[in-house]
K.L.:
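Here it is, the structure in full.
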Amino acid sequence: MLSRSTASANQQPAHGTWPDSVLALAEYVRERTGAKQVRVLAHHRLSGGAIQNNDALTLACTGGQRPGRHELVVRSDAPSGVDASMTRAQEFQVLQCAFHAGVTVPEPLWLCEDDAVMGRAFCVMARVKGTAHARTLVRADMEPGQARSLVRQLGVELARIHSVKPPLQALDFLQMPTGSAALARVHTCRALLARVPEPHPVLEWALNWLEDCAPDGGELTLCHGDFRTGNYMVHEGRITGVLDWEFARWSDPIEDLGWLCARCWRFGAFDKPVGGLGYKADLFEAYTQASGRAPNPDQVLYWEAMASVGWAVIALQQAQRHLSGEQPSLELALTGRIVPEMELDLLHYMAMLGGAH
């Protein structure tokens, strides 16, 4: 869960020296590139990152394999996480596969699993220009043609992601759903919800309905798992990077379309189903042209309802991280407060899909 913008050009430390952790990162890059010297130009924590920490790091390298200025993102685990999130090594593997499949992602550079460098595993990727801040994008007052172009780009990016199919040795850590991908998601959400101490009858009822009405098992592809406004960077009307792959999985490709269109990810622009930016007709047309698969609108609605349950369960997990004392955080506490909104969305979805009688 991340909202980022391009780093400022030259942020210096308050007391003239960089923290040891930043210097350790610079030394790590020097060793990986064979540079004679690496100078830190800027470093700061990027906003968002409730599940992962993301730091902007700007370096100047002299000599070696990659001389010159480098704007990087260093991604590492937050103090506590959620059960469905993968490790940094696994996420790095997924990012590499997406990169080689032509998905517009920040170039994955290095993975470090040696805790001696900064106390935890991390990966380093190129930093791309633009903003991923969802409310900024939704409220940008784009011209209709610009918004339509952006929605169509989203369709193309999803088609590229879904071109990656199992079996794939590089992603052998991703569990294959047995039978229907929809039923697998219901099972996962139900198991996670069972760990939440208080009852949530609307979510339980919705999961029962989603189980009863699950579409037949179809083609499985790589799915991003959190493809929404807020998880892709946009610069001058173009997508510059699809971010946050820690929930990637083998699933029904329609799951990603439903997640993108879910009411909970429109950020108040409820009349624009595609991430608060545009319309399904443009998304579906671009996706069909790029993938050769025409989405079934009713199945997309089904997966929108699934997205509402999935996000509600994640929000409850985030709240538990705060309530348990594991990671005291106002942001995590407030995330848990959005669950009633998700439950209301689910009642609307059930009515549209014929499940509320």
K.L.:
Are the aromatic rings of Tyr28 and Phe122 close, with centres under 6.0 Å apart?
P.N.:
yes
K.L.:
Salt-bridged, Arg148 to Glu143, with N to O below 4.0 Å?
P.N.:
no
K.L.:
Please report the C-alpha distance between Glu211 and Arg190 in whole Å, then the side-chain angles of each, then the deciding distance to 0.1 Å, and finally whether the salt bridge (charged side-chain N to carboxylate O under 4.0 Å, His left out) criterion is met.
P.N.:
CA-CA 10 Å; Glu211 181 176 26; Arg190 186 173 279 141; 3.3 Å; yes
K.L.:
Would Met118 and Leu109 show up in the same hydrophobic cluster when neighbours are defined by side-chain heavy atoms closer than 4.5 Å?
P.N.:
yes
K.L.:
Kindly compute the distance separating CH2 (Trp311) from CG (Asp345), expressed to the nearest 0.5 Å.
P.N.:
12.5 Å
K.L.:
Which pair of non-hydrogen atoms, one from Trp245 and one from Glu91, has the smallest distance, and what is that distance?
P.N.:
N-OE2, 3.0 Å
K.L.:
In terms of hydrophobic clusters joined by side-chain contacts under 4.5 Å, are Leu347 and Val309 together?
P.N.:
yes
K.L.:
Tell me yes or no: between the side chains of Arg152 and Gln289, is some donor less than 3.5 Å from an acceptor?
P.N.:
yes
K.L.:
Taking C-beta and beyond as the side chain, do His43 and Asp55 meet within less than 4.5 Å on heavy atoms?
P.N.:
yes
K.L.:
Identify whether the distance between the nearest side-chain nitrogen and carboxylate oxygen of Arg139 and Asp141 falls below 4.0 Å.
P.N.:
no
K.L.:
Go through the steps to decide whether Ser308 and Tyr349 satisfy the test side-chain contact (heavy atoms from CB on, under 4.5 Å), and finish with yes or no.
P.N.:
CA-CA 9 Å; Ser308 297; Tyr349 276 121; 3.5 Å; yes
K.L.:
Just do the salt bridge (charged side-chain N to carboxylate O under 4.0 Å, His left out) check on Glu246 and Arg75 with the steps written out, would you?
P.N.:
CA-CA 11 Å; Glu246 70 262 37; Arg75 186 163 165 84; 2.7 Å; yes
K.L.:
I want to check something: taking the side chain as every heavy atom from C-beta on, are Trp303 and Trp259 in contact at a cut-off of under 4.5 Å?
P.N.:
no
K.L.:
Charged N to carboxylate O under 4.0 angstrom, Glu304 versus Arg266?
P.N.:
yes
K.L.:
Where do Val164 and Cys97 come nearest, in terms of heavy atoms and distance?
P.N.:
CG2-O, 4.5 Å
K.L.:
Can you confirm whether Pro106 sits close enough to Arg127 that some side-chain heavy atom of one is under 4.5 Å from a side-chain heavy atom of the other?
P.N.:
no
K.L.:
Determine whether Phe227 and Leu154 make a side-chain contact, defined as any pair of heavy atoms from C-beta on separated by less than 4.5 Å.
P.N.:
yes
K.L.:
Using 0.5 Å steps for rounding, measure from the CH2 atom of Trp18 to the CG atom of Leu57.
P.N.:
8.5 Å
K.L.:
Is it true that the side chains of His322 and Gln320 contain a donor and an acceptor less than 3.5 Å apart?
P.N.:
no
K.L.:
Using a 4.5 Å cut-off on heavy atoms from C-beta on, say whether the side chain of Asn54 contacts that of Val74.
P.N.:
no
K.L.:
Let me see the working for Thr58 and Arg69 under side-chain contact (heavy atoms from CB on, under 4.5 Å), right down to the final yes or no.
P.N.:
CA-CA 7 Å; Thr58 305; Arg69 179 187 174 99; 3.6 Å; yes
K.L.:
Any heavy-atom pair between the side chains of Leu193 and Leu316 that's under 4.5 Å?
P.N.:
yes
K.L.:
Taking everything shown except Asp114 itself, do over 12 heavy atoms lie less than 6.0 Å from its CG?
P.N.:
yes
K.L.:
Counting only heavy atoms from other residues, nucleotides and ligands, does the tally under 6.0 Å from CG of Asp216 exceed 12?
P.N.:
no
K.L.:
Among pairs that include at least one residue of residues 160-174, which meet side chain to side chain donor-acceptor pair (under 3.5 Å), considering only residues two or more places apart or in two chains?
P.N.:
Glu157-Arg160, His162-Asp256, His162-Tyr287, Lys165-Glu219
K.L.:
Please find the pair of heavy atoms, one from Met233 and one from Gly130, that lie closest to each other, and give the distance.
P.N.:
CE-O, 3.2 Å
K.L.:
Using every non-hydrogen atom in the two residues, find where Arg88 and Met86 come nearest and quote the distance to one decimal.
P.N.:
NH2-O, 3.1 Å
K.L.:
Any side-chain donor-acceptor pair under 3.5 Å between Arg120 and Ser76?
P.N.:
yes
K.L.:
Counting heavy atoms not belonging to Asp271, are there more than 12 under 6.0 Å from its CG?
P.N.:
yes
K.L.:
Looking only at non-hydrogen atoms, find the nearest pair between Ala248 and Leu174 and report the distance.
P.N.:
O-CD2, 3.6 Å
K.L.:
Go through it in stages, so that I can follow the logic: the residues are Asp226 and Arg228, the test is salt bridge (charged side-chain N to carboxylate O under 4.0 Å, His left out), and I'd like the CA-CA distance, side-chain angles, deciding distance and then a yes or no.
P.N.:
CA-CA 6 Å; Asp226 195 13; Arg228 61 175 178 84; 3.2 Å; yes
K.L.:
Roughly how far, to the nearest 0.5 Å, is CG of Leu243 from CE of Met125?
P.N.:
8.0 Å
K.L.:
Is Leu72 reachable from Leu25 through a run of I, L, V, M, F, W or Y residues, each pair having side-chain heavy atoms under 4.5 Å apart?
P.N.:
yes
K.L.:
Where is the tightest heavy-atom contact between Pro215 and Ser180, given as atom of each residue plus distance?
P.N.:
O-OG, 3.3 Å
K.L.:
Would you call Val186 and Met306 a side-chain contact if the rule is heavy atoms closer than 4.5 Å?
P.N.:
yes
K.L.:
Quick check: do Pro67 and Thr62 have side-chain heavy atoms less than 4.5 Å from each other?
P.N.:
no
